[in-house]
**Q** 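Structure incoming, see below.
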Amino acid sequence: MSPVDSEFALDLPPPASRPKAGFARALLDWYDTSRRRLPWRAEPGEKPDPYRVWLSEIMLQQTTVATVMERFTRFVARFPTVTALAAAPLESVLAEWAGLGYYARARNLHACAREVAAKGGRFPDTAEALARLPGIGDYTAGAIAAIAFGRRAAAVDGNVERVMSRLHRFAEALPAARPKLRQLVEGLVPEDRPGDFAQGLMDLGSGICQPKTPNCRRCPVARFCDGAAAGDAALYPVKAAKAERPTRHGTAYVAVRARDGAVLLRRRPATGLLGGMMEVPGSLWAEGAAPAASPPCPATWTALNAPVEHTFTHFHLVLTVQVARVADFAAAGEWHHPAHIGDAGVPTVFMKVLRAAGVV
DNA sequence: AACACGTGGAC
DNA sequence: TGTCCAAGTGT
């Protein structure tokens, strides 16, 4: 079923699909003049560095180019090679990743580096072998194989799904349509310059074929595009309805050591939400009333007037913040001085708590 | 297949 | 202001 059936209620025949031969050539020609220069990209004629390609692809998963630009260079400076990354403690990698979100990416990144280092420090050069490594799924495997190793592999991300949906006026909703869209891409990947094709498709999706405002007049492949021909490219891709986000409640305890202003933090369990990251101690988070919790030590605890709110992918969180100045005590955790909390690996939700408490 | 898993920016 | 969105993966 087309999402725009109502517009065809006059029994107009569906617009004919436009031939796609020449799509790759046109995209590559456009890429040659319009490619973005990005820190992890090789310049024309340069040999791509598989480590940088891999790292950038992991960092870019569900994350904007603007955000990664700020972080990529710093990360590479701290961990210059896959061997160096493998040799580093997981905690230091998580600390460098703090604020980027989806922390399983950092745990898998580290595990992947250790596998690669254990096998000689070279990445496998096929999509099939890459996809067996932790944190590398179908998209990333294709992207690395094509970009770093020149393999004829499809790299199908959200950009590419959007471009393909519009190119074919593909009516089936995402994510169910994903396998079929991938097949359509695989039919277009050229033998020559598959890596530039992959990056060109992403640049096109990012700069021209944008989610809300496709700019078909400027598009180098508009002549192949069914959506552009019909003038309804913006209606694609069709997406399935999302589940609504529940609200959870909890309490966080900011214990400030009177002697020096240090704050008590502790490390979260290694897996699950914010796995392995540092946290402000507190209750569990649940829907309805905040679960009962006991403060990390007896003290005069004062609740902040306003709760801290934070929205995760699948729930909204309302956190009551309790603050107290406390004497030194033996606690299950670590004292961190405010000046160094930025290096400790504290995710954003807890940075918000510390800011609200006036600690940082 | 459906859900868990972060964050910041755009509109 | 709330919603959507960004180079997805793992279970």
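Below, chains carry the letters A, B, ... as their sequence lines are ordered, and counting in each starts from 1.
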**Q** Measure the distance from CH2 on Trp285(A) to C1' on dA4(B) and round it to the nearest whole Å.
**A** 14 Å
**Q** dG6(B), dT9(C), dC5(C): which one has an atom nearest the side-chain heavy atoms of Tyr139(A)?
**A** dT9(C)
**Q** Answer yes when Arg182(A) and Glu186(A) have at least one side-chain N-carboxylate O distance shorter than 4.0 Å, and no when they do not.
**A** yes
**Q** Name the closest nucleotide to the His314(A) side chain, picking from dG6(B), dT7(B), dA4(B).
**A** dA4(B)
**Q** Yes or no on side-chain hydrogen bond (donor to acceptor under 3.5 Å, both in side chains) for Arg71(A) and Thr63(A), after CA distance, side-chain angles and deciding distance?
**A** CA-CA 11 Å; Arg71(A) 297 297 208 104; Thr63(A) 306; over 6 Å; no
**Q** With ring centroids as reference points, do His314(A) and Phe312(A) lie under 6.0 angstrom apart?
**A** no
**Q** Tell me the interatomic distance from Phe312(A), atom CZ, to dC5(B), atom C1', rounded to whole angstroms.
**A** 10 Å
**Q** Quick check on the 6.0 Å ring-centre criterion: do Phe329(A) and Trp335(A) meet it?
**A** yes
**Q** Between dG10(C), dA6(C), dC5(C), which nucleotide has the shortest distance from any of its atoms to the side chain of Asn108(A)?
**A** dG10(C)
**Q** Take the angle between the ring planes of His337(A) and His340(A) and call it parallel below 30°, perpendicular above 60°, tilted in between.
**A** perpendicular
**Q** Between dA2(B) atom C1' and Arg178(A) atom CZ, what is the distance in whole Å?
**A** 12 Å
**Q** Among dT7(B), dG8(C), dC4(C), which nucleotide sits nearest the side chain of Thr140(A)?
**A** dG8(C)
**Q** Between Asp203(A) and Arg35(A), is there a side-chain N and carboxylate O pair less than 4.0 Å apart?
**A** no
**Q** Could you tell me the separation between the CZ atom of Arg268(A) and the P atom of dC5(B), rounded to a whole number of Å?
**A** 9 Å
**Q** In residues 59-76 of chain A, which residues come under 4.0 Å of DNA chain B by heavy atom?
**A** Gln62(A), Thr63(A)
**Q** Looking at the side chain of His310(A), which of dG6(B), dC5(C), dT7(B) is the nearest nucleotide?
**A** dT7(B)
**Q** Please report, rounded to the nearest Å, how far the P atom of dT9(C) is from the CZ atom of Arg105(A).
**A** 11 Å
**Q** Short of 4.0 Å, heavy atom to strand atom, which residues of residues 196-213 of chain A count as contacting DNA chain B?
**A** none
**Q** Taking CG from Leu94(A) and P from dG6(B), how many angstroms apart are they, rounded to a whole number?
**A** 11 Å
